[in-house]
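As structure tokens, the structure follows; a few thoughts come after it.
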Protein chains: 2
Amino acid sequence: MPQASERSRQSDSRGAKTALFDEFARLAQALANGRRLEIVDVLANGERTVERLAAETGLSVANASQHLQVLREVGLVRRRRDGTRIYYELRDAEVFDLWRNLRSVAAQHRAEVSQLADAYLGARDSLEPVTRVELLRRLKRGEDVVVVDVRPAEEFAAGHLPPAISIPLAELRRRLRELPRDKEVVAYCRGPYCAFAHKAVRMLQQAGFRARRLEDGLPEWKAAGLPVIAMAQRRS
Amino acid sequence: MPQASERSRQSDSRGAKTALFDEFARLAQALANGRRLEIVDVLANGERTVERLAAETGLSVANASQHLQVLREVGLVRRRRDGTRIYYELRDAEVFDLWRNLRSVAAQHRAEVSQLADAYLGARDSLEPVTRVELLRRLKRGEDVVVVDVRPAEEFAAGHLPPAISIPLAELRRRLRELPRDKEVVAYCRGPYCAFAHKAVRMLQQAGFRARRLEDGLPEWKAAGLPVIAMAQRRS
DNA sequence: CTAGTATTCAAGTAATCGATTAAAGACTTG
DNA sequence: CAAGTCTTTAATCGATTACTTGAATACTAG
């Protein structure tokens, strides 16, 4: 944006309008990077240190830190210090709404997105995912459903569905015996573009379980105003 | 984004995730420019030709066209041809939601935005704006309110509040006599970051009218599911 | 205070972006 | 089909972006 700074400096009416809309654009600019969006998607599940974010997104620590500065400058995330490490989190629920709105529009209007989603998440679900409403109804009726949170244990601790048990995807294979074969297993993770639950359901189905995926993840559940349980916070 | 294209080309799991989130980012990228956001804001009020958009945003026609291609490539706008000219419009209501969400987050978290908004729109309203709910209540009660749409006549024709009369800002000064002095005048335009209604209210107040601004514009009214009247379409 | 860990900053480089200008396309009208 | 209008494309150039590497900063523990 070559002239942007020049035009923004003006103070007449057009210049003021330009400057105002450039400011809105700066926010979009902060979201205009796939790695930053991955970071936002992870942070929607709870705060993280720079190092963990870097590990989860496959970025170098320095690079992750730089991305976090970009998000911080526009107010999308905030941080708190705990001893030598720094935890980042989304500024508030509206930031998550924005990310959800963005990906929703992208998914609706861009064929590329659903193709790439299939490529990443695996082919379409063999079974329809369970909707939030359906899950709630079945839980209330006392039907036989087991809800499994397959995210890392830390995220389960930061907040999870009330009836859920925690079996991180990495541990699922060796903890299959903890799951009942006479009930349906419903797995969830970080959201519709997180691969954990997809993988978990495939693994469970191959092992002979009746398993389905919750339509989306914990952040969406929380955003829908449904109850979430958090465990006692760990401070280093 | 130097490596983006390389990484996107991979087909392993990380590469697939990278490609997927890069695709989301492409949408944000399209919004990451102040001029394109101005275009979106105008288009929320109805379709426009390239030439008109260029005039309204102060861009050259070629430049406006290029921005429109960017928006079109990601599916934010679509176009229809009418003889020699081409009309662009927002793809659907969700695109407007996204823009609104973006500017809402920006306004909430960034002090710069409200400063720049004041600089562009003039100091804070001397009177609180009228909320949609309040206006509806007063209209239903038959209280004395006159609603004025101060946008260009074309936009009024494309859709307006049922009780509104059209007096484009440019004509307001010489059409003051059409407005009653014993009623309150409520002016609206394109939205909270459009200067028309602000200017109209200042002009009216200086001319001795009781005038206030509707809290935001027609697109938000429509998005709230409230009734909108459109006049017969003009085809070239 | 020193060593150690976590995070941020700074410099360098390849890729991308945005505006201008000029030329080419697309369609209508005579 | 030729002239005219509206729109798009191509080429160019300065500015910005993202990642890497290496060094600086901030804090804790001993």
Side-chain angles (χ1 to χ4, degrees), chain A residues 1-9 14 18 21-22 25-39 47-55 57-74 77-88 235-236, chain B residues 1-9 14 18 21-22 25-39 47-74 77-89 235-236:
Chain A
M1 34 196 97
Q3 269 85 333
S5 50
E6 280 178 34
R7 299 178 73 172
S8 301
R9 231 176 284 129
R14 169 127 293 277
T18 296
F21 279 76
D22 280 351
R26 193 176 305 235
L27 180 58
Q29 180 71 264
L31 295 170
N33 177 281
R35 256 30 66 215
R36 286 198 288 272
L37 291 178
E38 288 188 49
I39 289 174
E47 61 178 10
R48 283 286 181 301
T49 66
V50 178
E51 206 172 26
R52 276 221 50 167
L53 277 171
T57 54
L59 298 171
S60 71
V61 172
N63 197 5
S65 175
Q66 282 167 333
H67 282 308
L68 286 165
Q69 304 317 310
V70 174
L71 293 172
R72 201 164 81 94
E73 269 162 26
V74 299
V77 304
R78 55 183 178 177
R79 62 182 184 180
R80 72 175 176 87
R81 175 151 229 145
D82 179 18
T84 152
R85 65 195 87 196
I86 292 178
Y87 286 86
Y88 281 87
R235 300 268 145 150
S236 84
Chain B
M1 38 200 93
Q3 269 85 334
S5 50
E6 279 179 34
R7 299 180 71 172
S8 301
R9 229 175 287 128
R14 167 128 293 277
T18 296
F21 279 76
D22 281 351
R26 192 175 306 234
L27 180 58
Q29 181 72 263
L31 295 171
N33 178 279
R35 258 28 68 216
R36 285 198 290 271
L37 291 179
E38 288 188 49
I39 290 174
E47 62 177 9
R48 283 286 180 301
T49 66
V50 178
E51 208 172 26
R52 276 221 50 166
L53 277 171
E56 298 221 49
T57 53
L59 298 171
S60 72
V61 171
N63 197 3
S65 175
Q66 282 168 333
H67 283 307
L68 286 164
Q69 303 316 311
V70 173
L71 293 172
R72 201 165 80 93
E73 269 162 26
V74 299
V77 305
R78 54 182 178 178
R79 62 182 184 182
R80 71 176 177 87
R81 176 151 230 144
D82 179 18
T84 154
R85 64 195 86 197
I86 291 178
Y87 286 86
Y88 280 86
E89 68 179 353
R235 300 269 145 149
S236 85

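The structure presented is a predicted model; accordingly, all values stated were derived computationally and were not measured. We use all heavy atoms of the structure for the numbers below, so side chains are in, but hydrogens, waters and symmetry mates are not. Every chain is numbered from 1 and lettered A, B, ... according to where its sequence line falls, protein lines coming before strand lines.
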Using a cut-off of strictly less than 4.0 Å, decide whether [X] has a side-chain nitrogen or oxygen near OP1 or OP2 of [N].
X       : N      : answer
A:Tyr88 : C:dA6  : no
B:Arg80 : D:dT7  : no
A:Asn33 : D:dT17 : no

Roughly how many Å is it from [atom1] in [X] to [atom2] in [N], rounded to a whole number?
X       : N      : atom1 : atom2 : result
B:Arg81 : C:dT28 : CZ    : C1'   : 11 Å
A:Glu38 : D:dC19 : CD    : P     : 10 Å
A:Ile39 : D:dC19 : CD1   : C1'   : 13 Å
B:Leu59 : D:dT8  : CG    : P     : 14 Å
B:Arg26 : D:dT17 : CZ    : C1'   : 16 Å
A:Asp82 : C:dA6  : CG    : P     : 13 Å
B:Gln29 : D:dT16 : CD    : C1'   : 11 Å
B:Gln66 : C:dT16 : CD    : P     : 17 Å

Counting only side-chain heavy atoms from C-beta out, which of [options] sits nearest to [X]?
X       : options               : answer
A:Asn63 : C:dT7, D:dC19, C:dA19 : D:dC19
B:Val61 : D:dT8, C:dA19, C:dA26 : D:dT8
A:Arg85 : D:dT17, C:dT7, D:dC19 : C:dT7
A:His67 : D:dC19, C:dA6, C:dC17 : D:dC19

Task: Heavy-atom check, side chain of A:Asn33 versus side chain of B:Gln29, under 4.5 Å - done: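 Sidechains of B:Gln29 and A:Asn33: no contact.
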Task: Pairwise side-chain contact, B:Leu71 with B:Arg36, heavy-atom cut-off 4.5 Å (strictly under) - done: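 Touching, per the 4.5 Å side-chain cut-off.
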Task: Whichever of A:Val70 and A:Thr84 has its nearest DNA chain D nucleotide further upstream toward 5' - done: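 Between the two, 5'-proximity favours A:Val70.
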Touch check for [X], heavy atoms < 4.0 angstrom, all strands: base, sugar-phosphate only, or nothing?
X       : value
B:Arg72 : nothing
B:Ala62 : base
A:Arg52 : nothing
A:Gln69 : sugar-phosphate

Task: Chi angles and distances behind the side chain to side chain contact (heavy atoms under 4.5 Å, CB included) call for B:Val77, B:Ile39 - done: CA-CA 10 Å; B:Val77 305; B:Ile39 290 174; 5.8 Å; no
- [ ] Might you point out which heavy atoms bring B:Ala32 and A:Ala28 nearest each other, and give the distance in Å?
- [x]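 The pair with the smallest heavy-atom distance is CA-CB, 3.6 Å.
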TODO: Could you tell me whether B:Arg48 and B:Glu56 make a salt bridge, using a distance below 4.0 angstrom between a side-chain N and a carboxylate O?
DONE: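 The answer is yes: the pair qualifies as a salt bridge.
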